[in-house]
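Below: the structure, in C-alpha cells.
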2 protein chains.
Amino acid sequence: MGNRSDEISKVITRAIINRRLTPGCKLSEQALADVFNVSRAVVRQALIRLADDGLVTVERHRGAFVSRPSHREAMEIYDALTMLEQGVAAQLSGRLDQRGWSELRHHVELQHKAVEEGNDELADQLGSHFHVILVKLSRNTVVQEMHAQLIRRTALLRSLVDSRFDYCGLLHDHSEIIDLLEAGRVAKAQELIDTHHRNVVKGYLMGENTEQSMSVHEALEPYVNDAKTPVNATS
Amino acid sequence: MGNRSDEISKVITRAIINRRLTPGCKLSEQALADVFNVSRAVVRQALIRLADDGLVTVERHRGAFVSRPSHREAMEIYDALTMLEQGVAAQLSGRLDQRGWSELRHHVELQHKAVEEGNDELADQLGSHFHVILVKLSRNTVVQEMHAQLIRRTALLRSLVDSRFDYCGLLHDHSEIIDLLEAGRVAKAQELIDTHHRNVVKGYLMGENTEQSMSVHEALEPYVNDAKTPVNATS
DNA sequence: ATGGGAAAGATTGCATACCAATCTCAAAAG
DNA sequence: CTTTTGAGATTGGTATGCAATCTTTCCCAT
C-alpha cells in the first residue's frame, strides 16, 4: 500500500477524468475527509498533488475546486500536446521497429470498429489512447508522464463543452500519421499532428456547458466502495 | 504571501538547483521543521510538492531524499528536453517575429562574453537559459512549465558528475539553431537540437561524484536568512 | 572475532484537537 | 435598494499522541 493521500488523489483524478467531478466543483476538505474516512491533513496532501497536476485549483482561504481551464489555457494544453507529439514523431521516425507500427495500426483498427458500432464513448477513449500509444513507443517514461498529465487535463475541457467529433476524419489522420512516420516523412507528419489537434479543438463547440454537477459524496461513492468499504455507505 | 509549504518547497528547490543539497541527501521532516520553524505537517506538504516535481524521492517509512537519478533517467530527461524543444522548434519556425530572433541572438552574445571572460559558472547558467528563452518564445505557459521542470532536474545530474563542456561547440550550436529556424529549415534544426543535447550529455564524464554534501541546516541557512530569521542560527 | 538476531531508539504516517485568519452569507441599518 | 455588520463556516497552521516501520546497537552463538 502506498500513501493514503496518493491513493486518494488518484481516486479523485479518476472521478475528474470520468467527468463525475466537473470543473468548478468545490472540494471541501471536511467533505472529502468524511468520504474517504481520513483526516483533513491527508486530504490536504491529496489536494496538493492534484493542484500540481493542474486538475485542481486551490484559492487561498477559499478552498480547492476542480480546475476550470480558460479558453486560452485549453488552447495551450492542446498546443502542448502538439509540440510534445511532434517531438516524439521526430524521435520515432526511422527508429521504430515493425512491431511498433503494427501496434499503432492495430489500435486504429480497434477504434474503427468502435466507430462503426456507434460506441461513441469507447471511440472517444480510444481516440485519446492512440496518442498515448504513440508517446509510449518513444520508450521515455519522463515524456510519457508529461503527456499523460496533458491528456488528463483534456478531460477537464471535455466537461466544459459539447464535443461533436468527426471521427472519420480524425481516424484517417491517425492512419496517415503512421504512414508518414514510417515513410520517414517527419515534417509532413508533424504538420498533420498540428492540424489534427486543431481539428479536435474545432470539434469543441466552445459553449458554456452548465451541466449540473453532483455532490462530492455522490461523485466519489462508486470509487470508495471499490477500494475500501466506507464507514457509513448511505447509498 | 502564498502557502507556507509552497514557499518552503521553493526554497528547497533553490538549494537543490544551486547544488547545496545534493542527490541522496536525507531530508528529515523534523530537521526541516526546525530549520524553517514550522510544523511537520507543513514540511510534509512541501516534500510532496518536491516529489511531484521529481527533485525529491520519498520512500515509505524511510523518509525523503534528494533524488539521485539513474543513468537511464538522466538520458530520459535529456531526451525529453530534446523532444519538447523539437516540438517548440516546429511551432516557432516561420511564426516568430524579428524581436524574438534578436532576443535569442542577444543571449548567445551574452554567453559568448561570459565564456571569453572565463566565467564558467555564468556561462553554464546562460547555456541552460538559452533553451528556456527558446521555449518562452512559444508563448505557451504549459510547455514552459514542463520545460522548466526538466531544466530543474538537470541540476541534479550536474551534481552527480564532473561536467566538462566544450562551450565553443555548444555556443555554435545555439547560433546555428537560430539561423536554421529563422530560415525555416525545421528538420535540420530539430536534428541539431538532438545532437546538441547529446553533446551536452557527452560533456558529463559519467562518474560517481561522491562529493561530500552539507547538512540540511548548513545547506539551507543562507536561504532562510533571506526570507525569515531562523530561531537558532548556529553558524 | 564475527555473523546473526533481538531489543531499544528514531522516524514516518496518520488521527485528533485546537486556534487564528479569512471568507460567506444573511440580517440589520441607512 | 444598497451598504454594513456580525455570526458561522472553512482554511491554514500548530501541537500532541500513537502505531507501524526502519535503524542501530548490543548480545550471543558459532
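Each chain gets a letter, A, B and so on, in the order its sequence line appears, and its residues count up from 1.
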For the CD atom on A/E59, are there more than 12 heavy atoms of other groups (residues, nucleotides or ligands in this structure) within a distance under 6.0 Å?
yes
Protein-nucleotide distance ([X], atom [atom1]; [N], atom [atom2]), rounded to Å:
| X | N | atom1 | atom2 | result |
| --- | --- | --- | --- | --- |
| B/D34 | D/dA15 | CG | P | 11 Å |
| A/N3 | D/dA20 | CG | P | 17 Å |
| B/Q30 | C/dG9 | CD | C1' | 15 Å |
| B/D6 | D/dG12 | CG | P | 11 Å |
| A/K26 | D/dT10 | NZ | P | 7 Å |
| A/N37 | C/dG13 | CG | P | 20 Å |
| A/Q45 | C/dT12 | CD | C1' | 11 Å |
| B/H61 | D/dA20 | NE2 | C1' | 5 Å |

Mind running salt bridge (Lys or Arg N to Asp or Glu O under 4.0 Å) on A/E7 and A/R4 for me, showing each step along the way?
CA-CA 5 Å; A/E7 288 175 36; A/R4 205 78 189 78; 3.1 Å; yes
Starting at the 5' end of DNA chain C and moving along, which residue's nearest nucleotide shows up first, A/V42 or A/R62?
A/V42
Look at the side-chain N and O atoms of A/R44 and state whether any lies under 4.0 Å from the OP1 or OP2 oxygen of D/dG12.
yes
Of all the choices, C/dT24, C/dC14, D/dT14, which nucleotide is nearest to the side chain of A/R4 once you look at every atom?
C/dC14
Looking only at side chains, do B/D34 and B/Q30 share a donor and an acceptor under 3.5 Å apart?
yes
Side-chain donor/acceptor contact of A/R40 with base of D/dG12 under 3.5 Å
yes
SB check A/R72 A/E76 (cutoff 4.0 Å)
yes
